[in-house]
Protein chains: 2
Amino acid sequence: MPKKIITMDDVARLANVSKPTVSRALGGHPNVKPKTREKVLAVAREHGYSVNRNAKKLREKYTNTIAVILDFSSHRKHRITDPFIFELLAGVSEALSIRNQDLLLSPPTLSDANSYKELINSRVVDGFIFLGQGSNDAMFRELAKQGVPFVVWGGNSGDANYCTVGSDNFLGGYLAGERFVQHQKRNILFVGNTEHTELRLRREGLEKALATADYEYRLDEVQGHDFSFNAHYQSMMELLSKQDAPDAIFAYSDTAAMAIINALNEHGLEPIKNYLLVGYNDIAQASHFSPRLTTIRQDTFLAGALLVEKFMAVLNDNAPISSTIPTDLIVRST
Amino acid sequence: MPKKIITMDDVARLANVSKPTVSRALGGHPNVKPKTREKVLAVAREHGYSVNRNAKKLREKYTNTIAVILDFSSHRKHRITDPFIFELLAGVSEALSIRNQDLLLSPPTLSDANSYKELINSRVVDGFIFLGQGSNDAMFRELAKQGVPFVVWGGNSGDANYCTVGSDNFLGGYLAGERFVQHQKRNILFVGNTEHTELRLRREGLEKALATADYEYRLDEVQGHDFSFNAHYQSMMELLSKQDAPDAIFAYSDTAAMAIINALNEHGLEPIKNYLLVGYNDIAQASHFSPRLTTIRQDTFLAGALLVEKFMAVLNDNAPISSTIPTDLIVRST
DNA sequence: TTGTACGCGTTATCAT
DNA sequence: ATGATAACGCGTACAA
């Protein structure tokens with residue numbers, strides 16, 4: 001049990017070689033005699049040597065560390081409600097570890113373009129993976145203009161100068177709308193803040209599908225004040241006190257969907273019987289909620305892999321194109 | 001927009017001082033003339049200078065980075081189900097950022113004592129916060145023996161040589177049992193793997209409370225094969241095919257509780273009417289599930305703060321004592 | 001194939 | 001209050 005920390009110099013001395021030889025042996029450099037390499041590796045293992053990664057980072061171009069930014073502003077304090085973002089985080093974590101990249105989880109306080117630049121300048125991370133786009137499109141454009149390497153989980157407005165990976169939001173919206181039209185729904189409610197690029201795309205898809213209806217219909221919108229469960233519950237209750245209950249609802253997340261169902265329950269309204277509801281994300285809980293949620297599915301592990309792949313491309317100055325992952329409607333009991 | 005990266009040397013030259021003076025000015029060292037400090041800070045700000053944290057880490061004792069280890073073995077691949085661990089993560093993240101500590105999210109592959117030592121030796125992190133104890137008690141003891149700094153979210157068996165922060169598991173179990181006794185329940189089911197220290201403690205608390213009953217009762221146990229929703233659902237269905245339905249259930253998590261309720265539903269059994277159920281954690285979804293879950297609450301932000309506080313104490317060679325956070329029974333509709 | 005010499009950017013020691 | 005110098009541990013020209 002060596003308490004003393006071993007350096008490369010120590011290993012060199014113990015193996016009767018020079019320091020650079022140790023470096024080469026450990027780094028898998030071709031020009032080193034097999035016998036020498038074995039010797040070095042043996043000594044290193046025996047003494048529990050590992051390279052000082054800070055020294056390494058100081059010397060090399062990349063830190064092999066990537067910051068992942070959760071949208072903590074919508075998951076604040078005691079209002080953390082949507083498990084989807086964490087499923088995404090798990091996907092990214094797995095994908096990064098496959099590429100031997102460290103994952104620095106962003107401090108919740110990080111928010112503006114400058115603090116991100118600062119993290120790059122201080123050589124803590126090579127770049128960023130933003131999980132959630134929110135209404136930060138402008139900041140992302142600025143960041144991209146400044147050459148900060150990053151990718152975003154979110155929607156692609158088409159003319160963005162940065163790379164996104166996301167659900168096919170337009171298609172997701174379309175699929176929901178298609179279902180509504182098939183069931184001849186006429187009083188449709190869209191729940192979500194269309195300032196978020198993703199949600200705007202979904203609404204556009206929804207409208208496109210609804211336009212195929214050969215009957216009259218009405219489309220309303222509720223924004224929800226934030227991402228918390230209670231906020232949705234309340235705006236739903238408000239709406240119901242003002243107008244007729246919708247017979248079809250497209251919610252921007254499964255979490256929101258659950259809140260909405262509870263609110264409608266209290267008004268004696270039941271899914272299928274009184275209304276159709278489509279959620280989004282197919283979080284683990286969606287299939288076990290009661291009623292089982294009809295929703296739009298996304299593969300979060302594929303998402304993670306794609307995000308990391310694109311990020312690496314950005315880092316290497318290729319300009320990868322944004323892309324979407326398969327997006328399917330999962331019909332259950334709503 | 002300086003594309004070139006500025007070093008401390010550059011700042012020194014531009015401010016007409018020496019490098020150490022810049023270091024002192026930036027580091028808030030007392031022995032530096034206010035005028036000089038201002039000058040240095042101005043130059044630094046103007047040129048967008050930030051210290052190279054790798055160089056700093058190379059030179060200093062601490063990296064100010066802490067690895068957080070999620071129990072990925074129970075949240076694997078597509079089976080991630082329990083949001084509680086992520087609520088805890090958010091709590092820890094917040095607490096760390098308050099202390100200006102970086103959070104390295106552990107690669108899912110990390111598992112044995114050696115890989116943790118390696119992370120310390122390579123000076124990537126100062127230590128670990130383990131979110132989840134699982135059945136790794138032996139490994140934790142070994143790690144502590146080797147002097148690796150860490151704390152664990154989990155249960156304290158009493159004779160552990162490492163520091164834990166956790167729910168008051170015994171009390172949690174006791175509160176559940178108390179409720180069952182009050183309602184004269186006789187056919188009690190404990191769901192959870194008692195190889196996990198936390199769950200063993202809960203079961204002991206449960207038994208203690210049940211022992212106060214002045215009537216005959218029976219206590220069964222189901223382990224659940226893993227932490228996934230489906231596994232719980234299935235073991236529940238199995239149990240029901242073999243014996244009488246329980247009239248009181250204590251589940252080790254809210255997620256498990258939801259699965260169990262669904263299984264019982266399919267057998268036509270309703271909470272309150274046919275059985276009482278107490279979950280654990282009071283995750284955000286618990287109060288919005290239908291039926292609203294009766295459960296044991298824990299404050300995850302307090303938990304995060306406490307974990308970080310204790311970790312810092314461990315790092316400074318104080319041996320902090322393990323502690324528990326307030327643990328309450330929240331009675332809802334089960 | 002291996003070794004020598006140097007630089008990466010910072011902080012600490014010591015002298016002034 | 002400030003500056004000169006060394007040291008942290010590694011990788012890489014370049015020389016041998």
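Residue numbering restarts at 1 for every chain, and letters A, B, ... go by the order of the sequence lines.
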(request) Using the side chain to side chain donor-acceptor pair (under 3.5 Å) rule, pick out the option among T65(B), D102(B), N64(B) that qualifies with R53(B). (result)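 Of the listed options, the one satisfying the test is D102(B).
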In whole angstrom, what separates [X]'s [atom1] from [N]'s [atom2]?
{"X": "D9(A)", "N": "dA5(C)", "atom1": "CG", "atom2": "P", "result": "14 Å"}
{"X": "I5(B)", "N": "dC8(C)", "atom1": "CD1", "atom2": "P", "result": "13 Å"}
{"X": "L26(B)", "N": "dG9(C)", "atom1": "CG", "atom2": "P", "result": "16 Å"}
{"X": "E60(B)", "N": "dG9(C)", "atom1": "CD", "atom2": "C1'", "result": "12 Å"}
{"X": "K56(B)", "N": "dT11(C)", "atom1": "NZ", "atom2": "C1'", "result": "9 Å"}
{"X": "N54(B)", "N": "dT11(C)", "atom1": "CG", "atom2": "P", "result": "12 Å"}

(request) Take T21(B) and L58(B), find for each the nucleotide of DNA chain D with the closest heavy atom, and name the residue whose nucleotide sits nearer the 5' end. (result)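 Nearest-nucleotide comparison on DNA chain D picks T21(B).
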(request) Please figure out whether A55(B) or P20(A) has its closest DNA chain D nucleotide nearer the 5' end. (result)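 Residue closer to the 5' terminus by nearest nucleotide: A55(B).
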(message) Within the 4.0 Å heavy-atom criterion, would you say R24(A) contacts the bases, only the backbone, or no part of the nucleic acid?
(response)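 Counting heavy atoms under 4.0 Å across all strands, the contact made by R24(A) includes a base.
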(message) Mind checking if M8(A) touches a base, just sugar-phosphate, or nothing, with heavy atoms under 4.0 Å?
(response)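 Sugar-phosphate contact only.
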(message) Once side chain to side chain donor-acceptor pair (under 3.5 Å) is applied, what residue pairs with a partner in residues 11-20 of chain B remain, sequence neighbours excluded?
(response)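 Qualifying pairs: D10(B)-R13(B), S18(B)-T21(B).
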(message) Show every side chain to side chain donor-acceptor pair (under 3.5 Å) that has at least one partner inside residues 26-38 of chain A, sequence neighbours left out.
(response)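 Found none.
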(request) Specify the angle, to 10°, made by the local axes at the two ends of the helix from dT1(C)-dA16(D) to dT16(C)-dA1(D) when five pairs are taken at each end. (result)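 For the helix from dT1(C)-dA16(D) to dT16(C)-dA1(D), the axes at either end differ by 30°.
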(message) Among Y116(A), F128(A), F130(A), exactly one meets ring-ring contact (aromatic ring centres under 6.0 Å, His included) together with F150(A). Which residue is that?
(response)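 Going through Y116(A), F128(A), F130(A) one by one, the ring-ring contact (aromatic ring centres under 6.0 Å, His included) with F150(A) is satisfied by F130(A) alone.
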(message) I'd like to check L14(A) versus H47(A) (side-chain heavy atoms, cut-off strictly below 4.5 Å). Are they in contact?
(response)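 Yes, their side chains come closer than 4.5 Å.
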(message) Could you measure the distance from the NZ atom of K117(A) to the CG atom of L119(A)? Nearest 0.5 Å is fine.
(response)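 Spacing of NZ (K117(A)) from CG (L119(A)) equals 12.5 Å.
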(request) Hey, could you give me the CG/OG distance between D137(A) and S157(A), rounded to the nearest 0.5 Å? (result)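 It is 5.0 Å, given to the nearest 0.5 Å.
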(message) I'd like to know if R59(A) reaches the base of dG9(C) with its side chain such that a donor and an acceptor end up less than 3.5 angstrom apart.
(response)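 In this structure, the two groups form no donor-acceptor pair.
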(request) State whether the distance check finds a donor on one side and an acceptor on the other, under 3.5 Å, for side chain K19(B) versus base dT10(C). (result)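 A donor-acceptor contact between them is present.
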Whether [X] contacts [N] is assessed here as follows: a side-chain N or O lying under 4.0 Å from the phosphate OP1 or OP2. Is that the case?
{"X": "T36(A)", "N": "dT1(C)", "answer": "no"}
{"X": "Y62(B)", "N": "dT11(C)", "answer": "no"}
{"X": "N52(B)", "N": "dT10(C)", "answer": "no"}

(message) Tell me whether D126(B) contacts the main-chain N or O of T63(B) through its side chain, where contact means a donor paired with an acceptor under 3.5 Å.
(response)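 Indeed, once roles are kept as given, a pair shorter than 3.5 Å links the two residues.
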(request) Extract, from 5' to 3' on DNA chain D, the first and final nucleotides lying under 4.0 angstrom from some heavy atom of chain B. (result)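 Nucleotide range in contact with chain B: dA1(D) to dG9(D).
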(message) Can you list everything that forms a salt bridge (charged side-chain N to carboxylate O under 4.0 Å, His left out) with D159(A)? Sequence neighbours excluded, please.
(response)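 So D159(A) forms a salt bridge (charged side-chain N to carboxylate O under 4.0 Å, His left out) with R141(A).
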(request) Could you tell me which residues satisfy salt bridge (charged side-chain N to carboxylate O under 4.0 Å, His left out) with R123(B), sequence neighbours excluded, listed by chain and number? (result)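 With neighbours one apart ignored, the set is empty.
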